[in-house]
Student: 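This is the structure I want to talk about, given as structure tokens.
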Amino acid sequence: MGFAETLRGDWAANTRGDRSRSGALATFLSARWQSVLLFRLSQTIPAPASPLAKLVKQFNQMVTGADLAVSADVAPGLVLFHPVGVVIGPGVSIGSNCEIQQGVTVGSRYGGWDEHDDWPVLGDGVRLGAGARVLGAVHIGTGAVVGANSVVLSSLPDGAVAVGAPARVVKVVNEAL
């Protein structure tokens, strides 16, 4: 998928429910849209100019408070409602139309590239509550919801609702997205 199509998907997700001109302007000026836009821009910079990509990433972190690794694989439709404190690691894979609240960390359990298979994979339509942590080689199923301040250290099935530290499944919704 190209840059324009990905950006259209992100825009549609960020303006969902408010199609007015004032709503579009408010979205365009919001930190949630700016963080996603700067993240996508950093990913378009070719490898020989990667220091520039890292500079855009650092600018994004400075302006919006979101630490989004340039090499993370994120499908269209990403919404960071309150991007401050959101950390997405370099090996993370995130499906389409995912919603992430403030203070969420999605990354390696051990904090480095030594463990190449130690990165979370989030399915489509996953929602992560404020302060949630998703760590290690786990798969979060399509349409799963992780409650605020939960710590996910093991995989979750499609449509799961998980809470707690460590997170445990309290409900599975049959109508996963």
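Note that the structure is a prediction, hence the values are computed from the model and not measured.
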Student: State, to 0.1 Å, how close Pro90 and Trp119 come at their nearest heavy-atom pair, and which atoms those are.
Tutor: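 It is CD-CH2, 3.5 Å.
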
Student: So do Val121 and Val138 actually touch side chain to side chain, heavy atoms under 4.5 Å?
Tutor: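 The answer is no, as the side chains (C-beta and beyond) never meet within the 4.5 Å cut-off.
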
Student: Sequence neighbours excluded, which residues qualify as salt bridge (Lys or Arg N to Asp or Glu O under 4.0 Å) partners of Arg8?
Tutor: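 Per chain and number, Arg8 pairs via salt bridge (Lys or Arg N to Asp or Glu O under 4.0 Å) with Glu5.
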
Student: When rounded to the nearest 0.5 angstrom, what distance separates OG in Ser35 from NE2 in His82?
Tutor: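 It comes to 11.5 Å.
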
Student: Could you pull out the closest heavy-atom pair between Gly107 and Val92, with the gap in Å?
Tutor: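 Scanning both residues completely, I find the closest heavy atoms to be CA-CG2, 4.1 Å.
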
Student: Can you name the nearest heavy-atom pair linking Ala75 to Ser96, along with the distance?
Tutor: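 Closest heavy-atom pair between Ala75 and Ser96: CB-N, 3.4 Å.
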
Student: Check step by step if side chain to side chain donor-acceptor pair (under 3.5 Å) holds for Ser108 and Asp118.
Tutor: CA-CA 5 Å; Ser108 170; Asp118 188 46; 2.6 Å; yes

Student: Hey, does Ile100 have a side-chain heavy atom less than 4.5 Å from the side chain of Leu78?
Tutor: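 Sidechains of Ile100 and Leu78: in contact.
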
Student: Could you please spell out the steps behind the side chain to side chain contact (heavy atoms under 4.5 Å, CB included) verdict for Gln34 and Val63?
Tutor: CA-CA 9 Å; Gln34 297 300 321; Val63 171; 5.7 Å; no

Student: Using the rule given for side chain to side chain contact (heavy atoms under 4.5 Å, CB included), can you reason through Leu128 versus Gln101, listing the C-alpha separation, both sets of side-chain angles and the distance that settles it, and then say yes or no?
Tutor: CA-CA 6 Å; Leu128 303 178; Gln101 295 288 339; over 6 Å; no

Student: With side chain to side chain contact (heavy atoms under 4.5 Å, CB included) as the test, would you mind laying out the steps for Arg40 and Leu38 before giving the verdict?
Tutor: CA-CA 5 Å; Arg40 297 299 185 192; Leu38 288 168; over 6 Å; no

Student: How long is the span from the CE atom in Met62 to the CG atom in Leu55, to the nearest 0.5 Å?
Tutor: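 So the gap between those two atoms works out to 8.5 Å.
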
Student: Atom CG in Leu7, atom OG1 in Thr44: separation rounded to 0.5 Å?
Tutor: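 It is 10.0 Å, given to the nearest 0.5 Å.
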
Student: Let me confirm one number: the CG-CG distance from Leu37 to Asp10, rounded to the nearest 0.5 Å.
Tutor: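 These two atoms lie 9.0 Å from each other.
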
Student: Determine whether more than 12 heavy atoms belonging to other residues, nucleotides or ligands lie under 6.0 Å from atom CZ of Arg32.
Tutor: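 Yes, because the 6.0 Å sphere around CZ of Arg32 holds more than 12 heavy atoms from other groups.
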
Student: May I ask you to decide if Gly131's main-chain N or O and Arg133's side chain share a donor-acceptor pair within less than 3.5 Å?
Tutor: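 Here the side-chain-to-backbone pair exists.
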
Student: Establish, from distance only, whether the side-chain atoms of Thr142 and Asp124 form a donor-acceptor pair under 3.5 Å.
Tutor: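 There is no such pair (donor and acceptor under 3.5 Å, judged by atom type) between the side chains of Thr142 and Asp124.
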
Student: Which pair of non-hydrogen atoms, one from Ala31 and one from Pro83, has the smallest distance, and what is that distance?
Tutor: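 In terms of heavy atoms, the two residues are closest at O-CG, 3.6 Å.
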
Student: To the closest 0.5 Å, what do you measure between CZ (Arg168) and OG (Ser154)?
Tutor: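 It comes to 12.0 Å.
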
Student: Using the rule given for side chain to side chain contact (heavy atoms under 4.5 Å, CB included), can you reason through Val87 versus Val106, listing the C-alpha separation, both sets of side-chain angles and the distance that settles it, and then say yes or no?
Tutor: CA-CA 6 Å; Val87 178; Val106 183; over 6 Å; no

Student: Does any non-hydrogen side-chain atom of Val172 lie less than 4.5 Å from one of Val161?
Tutor: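 Side chain of Val161 against side chain of Val172, heavy atoms only: no contact under 4.5 Å found.
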
Student: Mind checking whether Thr15 and Trp33 have side chains closer than 4.5 Å, heavy atoms only?
Tutor: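 Not touching, per the 4.5 Å side-chain cut-off.
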
Student: Under a 3.5 Å distance rule, please check whether Thr64 uses its side chain to pair with a backbone N or O of Gln61 as donor and acceptor.
Tutor: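 Not confirmed, Thr64 side chain does not pair with Gln61 backbone.
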
Student: Hey, does Lys57 have a side-chain heavy atom less than 4.5 Å from the side chain of Asp67?
Tutor: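 They are in contact (side-chain heavy atoms under 4.5 Å apart), so the answer is yes.
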
Student: Please report the shortest heavy-atom distance between Ala132 and Val146, naming the atom on each side.
Tutor: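 Scanning both residues completely, I find the closest heavy atoms to be CB-CG1, 3.9 Å.
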
Student: Who else is in Phe81's hydrophobic cluster (ILVMFWY, side-chain heavy atoms under 4.5 Å, direct or via others)?
Tutor: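 Val79, all in the cluster of Phe81.
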
Student: So do Ser50 and Leu52 actually touch side chain to side chain, heavy atoms under 4.5 Å?
Tutor: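 A side-chain contact is absent here, since even the closest heavy-atom pair is not under 4.5 Å.
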
Student: With a sphere of 6.0 Å drawn around CZ of Phe3, does it hold more than 12 non-hydrogen atoms of other residues, nucleotides or ligands?
Tutor: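 Counting neighbours around CZ of Phe3, more than 12 heavy atoms of other residues, nucleotides or ligands fall under 6.0 Å, so yes.
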
Student: Roughly how far, to the nearest 0.5 Å, is OG1 of Thr27 from CH2 of Trp11?
Tutor: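 Between Trp11 CH2 and Thr27 OG1, I get 5.0 Å after rounding to 0.5 Å.
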
Student: Which heavy atom of Gly89 sits nearest a heavy atom of Ala69, and at what distance?
Tutor: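 The answer is C-CB, 3.5 Å.
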
Student: With a 4.5 Å cut-off on side-chain heavy atoms, are Val152 and Leu135 touching?
Tutor: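 Not in contact.
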
